[in-house]
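Before any comments, here is the structure.
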Amino acid sequence: MNYWLMKSEPDVFSIDDLQREPKKTAHWDGVRNYQARNHMRSMNRGDHGFFYHSNCAEPGIVGILEVVREAYPDHTAFDPASKYYDPNSATEKPRWDMVDVRFIRRLRRTITLAELRHLSSLDGFALVRRGNRLSVMPVSADHWQLILGLED
DNA sequence: GCCAACGTTGGC
DNA sequence: GCCAACGTTGGC
């Protein structure tokens, strides 16, 4: 099993929104960055990921999700009414993909970005690299366990 | 292929 | 709201 981290702005789509979805499952649409898309293409059913809240008062990891459907075309790219519309992503040759993810649980507390930045043991973790803006990134098994260990 | 201009992300 | 750090676009 591989581990991931996926960012979402809570004002747009929060961990609570995911929990409220039917079957607690949602499309992870709107990714418009090639590196992030390629990470989604590498995901396997059953992989786990951190749900990260970005661009908010307390940025950090708030929960855990599971990949329940592997990458397939992101239909919002075909929809002129969508803010994620991409005229360069033709339906016969889709440029952008999404995965389906299911809510597993909330963390008992938010593990903040500020806190993670202070851990030298997380050196090399993409999230805490300076200037990182990637919205979907891998997490090593070691880092996954280490971060979960911070929860209590 | 270079690179300046522009747009976006996201912490603070 | 500011702005640093990137990514993308498009002229040449």
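The model shown is predicted, which means the values in this text are computed figures rather than measured ones.
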Within the 4.0 Å heavy-atom criterion, would you say A:Arg117 contacts the bases, only the backbone, or no part of the nucleic acid?
sugar-phosphate
Who passes side-chain contact (heavy atoms from CB on, under 4.5 Å) against A:Asn2, sequence neighbours left out?
A:Trp4, A:Asn44, A:Asp47
Side chain to side chain donor-acceptor pair (under 3.5 Å) partners of A:Arg41, counting only residues at least two apart
A:Asp97
Run the side-chain contact (heavy atoms from CB on, under 4.5 Å) test against A:Asp16 and tell me which residues pass, sequence neighbours left out.
A:Ser14, A:Gln19, A:Arg20, A:Arg106
Closest nucleotide of DNA chain C for A:Arg32 versus for A:Gly131: which of these residues is on the 5' side?
A:Gly131
Residues passing the salt bridge (charged side-chain N to carboxylate O under 4.0 Å, His left out) test with A:Arg45, sequence neighbours excluded, are none
Under 4.0 Å from a heavy atom of chain A: give me the 5'-most and 3'-most nucleotides of DNA chain B that qualify.
B:dG7 to B:dC12
Could you tell me which residues satisfy side-chain contact (heavy atoms from CB on, under 4.5 Å) with A:Asp79, sequence neighbours excluded, listed by chain and number?
A:Ala81, A:Ser82
